[in-house]
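Presented below is the structure to which this report refers.
Owing to the predicted nature of the structure, the values given are computational and were not obtained by experimental measurement.
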Amino acid sequence: MRPKFQALAALAAVLVLAAVVGGQAIARGHANVSVQLLAINDFHGNLEPPTGSSGQINGTPAGGAEYLATHLSADVARNPNSLIVGAGDLIGASPLLSGLFHDEPTIEAMNAMKLSVTSVGNHEFDEGWTELLRMQNGGCSGPDQANKCKGGTFKGASFRYLSANVLRNPTKAQLAAVVKYNAGQKAKLKRHRVYCGKKAHHGQKTCKKAFRIHLKPTPKPTPLLPPYAVRTIGGVKIGFIGETLKGTPQIVTPTGVVGLTFLDEASTANAYAKILQKQGVNAIVLLIHQGGQQNGGADPNGCTNFSGDLLPIIGKLSPAIKVVVSAHTHQYYNCTFDGHLVTSASSFGRMITRLDLTIDNKTDQIVTATADNEIVTRDVAKDATQTAIIDKYKTMAAPIANRVVGSVAGDITRSTNRSGESALGDVIADAQLASTSPTSKGGAVVAFMNPGGIRADIVANQQTGGEAPGQVTYSELFTVQPFNNVMTVLTLTGQQIKDLLEQQFDNPSGGQQRFLQVSNGFTYSYKLNAPAGQHVDAASIKINGTPIDLAKAYRVAENNFLATGGDGFTVFKQGTDQLGGDIDLDALVAYFQAKSPVAPGPQNRFARTD
């Protein structure tokens, strides 16, 4: 027996030694891990380098998927513990190269860049939430089959869309099915009790107990997409919560979000942070499509006089959420508020935010977090994979994209004057009035255009398809107006028109008023610093020089986004005798074909008097 005991003692000694060594190994392995997050936002399908003011950062030409991918690869080479993340609006409001194919090219490009996770932005709902699910899951269903899957089988996003605060409500059919099922179960119970009641008294109680029914609970709203994702890198876990701004239903076409509920951003993020912590995930990053802006600062890494709708959300966030990657306002900033690192990387692929996190590999806690906004310059080699994607879709789009539809007398830009009027806004409103003024098209006397729907400048010397300087192609106009909204004419009274103009001051977006652009012949004046409801001088509102009659009815034109109350202009919903018309892009193309060379708008239709 002695050899056996000796063997057992030796084994015990080995186990003790292993435990000690193992403990020492753990102690030696306890360290801080350096993780790099590379964040982008508001790409909006800009596969090719954007042009005009949208194609630069502080005078430096920037953007383009070929250059963005190269910069990302170089950044990943700095730290192999890297994840590429997004904060929404990667698709939607896209130039023709991506928009013509329902943004499948951009999803393909993001897959090639190895994007890991992204939140959902408001523009991801431009074609409706069912189309967003197609972007995630793949497939070729839905309208416009001719331009879907032209690049081959569409497999969807290999990255994960996240949207914690967007819930999909149960349908009427689902609710009715549960009611019907439960009613049937209750009817069975009633029949059984009647049956038991006919039995001898001593057997009734046993009979009733022997039968049970199972009622289904009433269906509850569930997240449209996963609320969070956990990624393990360098031996540490990072939890990403994705959110869309709560106000999305007010800034997208209502049909795109029907059946959805948008929850408060801060409370929802905090709730999921607790869930992650219970799972042992303590390094938490919020990817939120909401933002703010610097005021008076041009430093890509500045935070000068920061303001915006993001601030009150940050003020309510749990301390567990150390990093906030934001978006929506197309601005750049790098801020710290109450222990939260808050960043944004401009838009259109012109910038990357490099976030350097130090994470304790024993607790998974973020020890330090810093950020740096990097301009995506065009002085680097083009990424070959991105070039191939772009060339594939350019070849398919060329017959449509490169068609010359008119010309311009000079650059026509979105830049606004002191009153909030832009030269391009004037031109678009004029095109919309031309489309809707015929009696058969609604007989409109004024057209209103939302400035957020004007997505790019028209640059005279831009040559997208080999056209001559000054010529304008279909692709260029598509980039200006990519939403395919439908022109709508309805009747408003003079008082309602006055109320509509007052709403410009009651529903600022991002802390700034958004002035409706108006067609030729419509004029008015306003005071910015005035009590609510008293900004616009009613006597100054004129159509072709004649003051409007507050009691009279007028036919007004706008796109269907505005007609359904988009951007908070709910007065349009009071309109009567609604009539649909041309697609807004078609109206702009027809205007250029009829009026070329088109000159910049005069920017003299509404005036600020204080």
Side-chain angles (χ1 to χ4, degrees), residues 92-93 122-123 125-129 143 247-260 425-455 480-507 509 513-522 524 536 541 543 548 552-588 590-591 605-606:
N122 55 287
H123 281 286
F125 292 103
D126 281 350
E127 294 191 44
W129 60 264
T248 292
Q250 284 73 55
I251 59 174
V252 302
T253 303
T255 54
V257 293
V258 65
L260 301 181
D426 287 350
V427 169
I428 291 174
D430 288 349
Q432 294 183 348
L433 181 62
S435 170
T436 57
S437 59
T439 303
S440 60
K441 293 291 188 71
V445 295
V446 58
F448 296 99
M449 175 61 194
N450 55 305
I454 307 173
R455 306 303 298 185
V480 171
Q481 285 198 281
F483 295 108
N484 282 316
N485 286 323
V486 179
M487 291 310 305
T488 306
V489 179
L490 45 81
T491 298
L492 294 179
T493 65
Q495 181 62 57
Q496 288 171 326
I497 291 175
K498 204 268 187 186
D499 294 342
L500 173 69
L501 297 177
E502 291 289 351
Q503 284 195 319
Q504 296 174 125
F505 309 93
D506 297 335
N507 61 349
S509 175
Q513 275 73 32
R514 305 186 74 175
F515 290 95
L516 292 168
Q517 305 299 291
V518 300
S519 56
N520 184 37
F522 186 88
Y524 70 94
V536 178
I541 306 174
I543 297 177
I548 65 169
K552 185 178 177 181
Y554 298 89
R555 296 290 280 168
V556 303
E558 65 289 315
N559 58 46
N560 63 294
F561 169 72
L562 285 174
T564 52
D567 274 347
F569 290 105
T570 57
V571 170
F572 282 118
K573 295 170 69 175
Q574 301 172 18
T576 59
D577 300 322
Q578 183 170 306
L579 178 68
D582 298 329
I583 299 295
D584 55 1
L585 175 60
D586 293 342
L588 187 60
Y591 186 80
R605 297 170 184 178
F606 52 94

Looking only at non-hydrogen atoms, find the nearest pair between Val486 and Gly581 and report the distance. CG1-O, 3.6 Å

Apply side-chain contact (heavy atoms from CB on, under 4.5 Å) to Val480 and Leu585, showing your working. CA-CA 9 Å; Val480 171; Leu585 175 60; over 6 Å; no

Which residues pass the salt bridge (charged side-chain N to carboxylate O under 4.0 Å, His left out) test with Asp430, not counting sequence neighbours? Arg605

Residue set satisfying side chain to side chain contact (heavy atoms under 4.5 Å, CB included) with Pro254, at least two apart, ordered chain then number -> Thr564

Smallest separation among heavy atoms of Ala557 and Ala444, with atom names: CB-CB, 3.8 Å

Residue list, side chain to side chain donor-acceptor pair (under 3.5 Å) with Asn520, at least two apart or on another chain: none

Can you name the closest pair of heavy atoms from Ile548 and Gly494 and give their distance? CD1-O, 3.5 Å

Minimum heavy-atom distance Ala93-Phe483, with the two atoms named: CB-CZ, 3.5 Å

Within the 4.5 Å heavy-atom criterion, are Ile428 and Gln517 side-chain neighbours or not? no

Nearest heavy-atom pair of Ala447 and Leu433: which atoms, and what distance? CB-N, 3.7 Å

Checking side-chain contact (heavy atoms from CB on, under 4.5 Å) for the pair Ile543/Tyr554: CA distance, chi angles, key distance, verdict? CA-CA 10 Å; Ile543 297 177; Tyr554 298 89; 3.8 Å; yes

Results of side chain to side chain donor-acceptor pair (under 3.5 Å) for Ser435 - residues two or more places apart only: Asp582

Please walk me through it: do Phe448 and Phe569 pass ring-ring contact (aromatic ring centres under 6.0 Å, His included)? CA-CA 11 Å; Phe448 296 99; Phe569 290 105; 8.8 Å; no

Heavy atoms of Phe606 and Leu516 approach each other most closely as CE2-O, 3.6 Å

Checking Gln496 now: which residues fulfil side chain to side chain contact (heavy atoms under 4.5 Å, CB included) with it, not counting sequence neighbours? Leu492, Thr493, Val571, Gln574

Scan for salt bridge (Lys or Arg N to Asp or Glu O under 4.0 Å) pairs involving residues 492-501, sequence neighbours excluded, and state none if there are none. Lys498-Glu502

Run the side chain to side chain contact (heavy atoms under 4.5 Å, CB included) test against Asn450 and tell me which residues pass, sequence neighbours left out. Asn559, Phe561, Leu562, Asp567

Where do Leu490 and Asp577 land on the side-chain contact (heavy atoms from CB on, under 4.5 Å) test, with the steps shown first? CA-CA 6 Å; Leu490 45 81; Asp577 300 322; over 6 Å; no

Walk me through it: do Met449 and Gln481 pass the test side-chain contact (heavy atoms from CB on, under 4.5 Å)? CA-CA 11 Å; Met449 175 61 194; Gln481 285 198 281; 3.7 Å; yes

Residues two or more places apart in sequence or in another chain: which of them pass side chain to side chain donor-acceptor pair (under 3.5 Å) with Thr253? none

Measuring from Asn122:CG to Gln250:CD, what's the distance to the nearest 0.5 Å? 11.0 Å

Looking at the rings of Phe505 and Phe515, which for Trp means the six-membered one, are their centres under 6.0 Å apart? yes

Taking C-beta and beyond as the side chain, do Ile583 and Asn485 meet within less than 4.5 Å on heavy atoms? no

Once side chain to side chain donor-acceptor pair (under 3.5 Å) is applied, do any residues pair with Thr570, and if so which ones, sequence neighbours excluded? Gln503

To the nearest 0.5 angstrom, please state how far the OG1 atom of Thr491 sits from the CZ atom of Arg555. 4.0 Å

Mind checking what makes salt bridge (charged side-chain N to carboxylate O under 4.0 Å, His left out) contact with Arg455, not counting sequence neighbours? none

Minimum side-chain heavy-atom gap Val556-Ile497 below 4.5 Å: yes

Please name all residues satisfying side chain to side chain contact (heavy atoms under 4.5 Å, CB included) with Val257, sequence neighbours left out, ordered by chain then number. Phe125, Thr248, Pro249, Val252, Leu260, Phe262

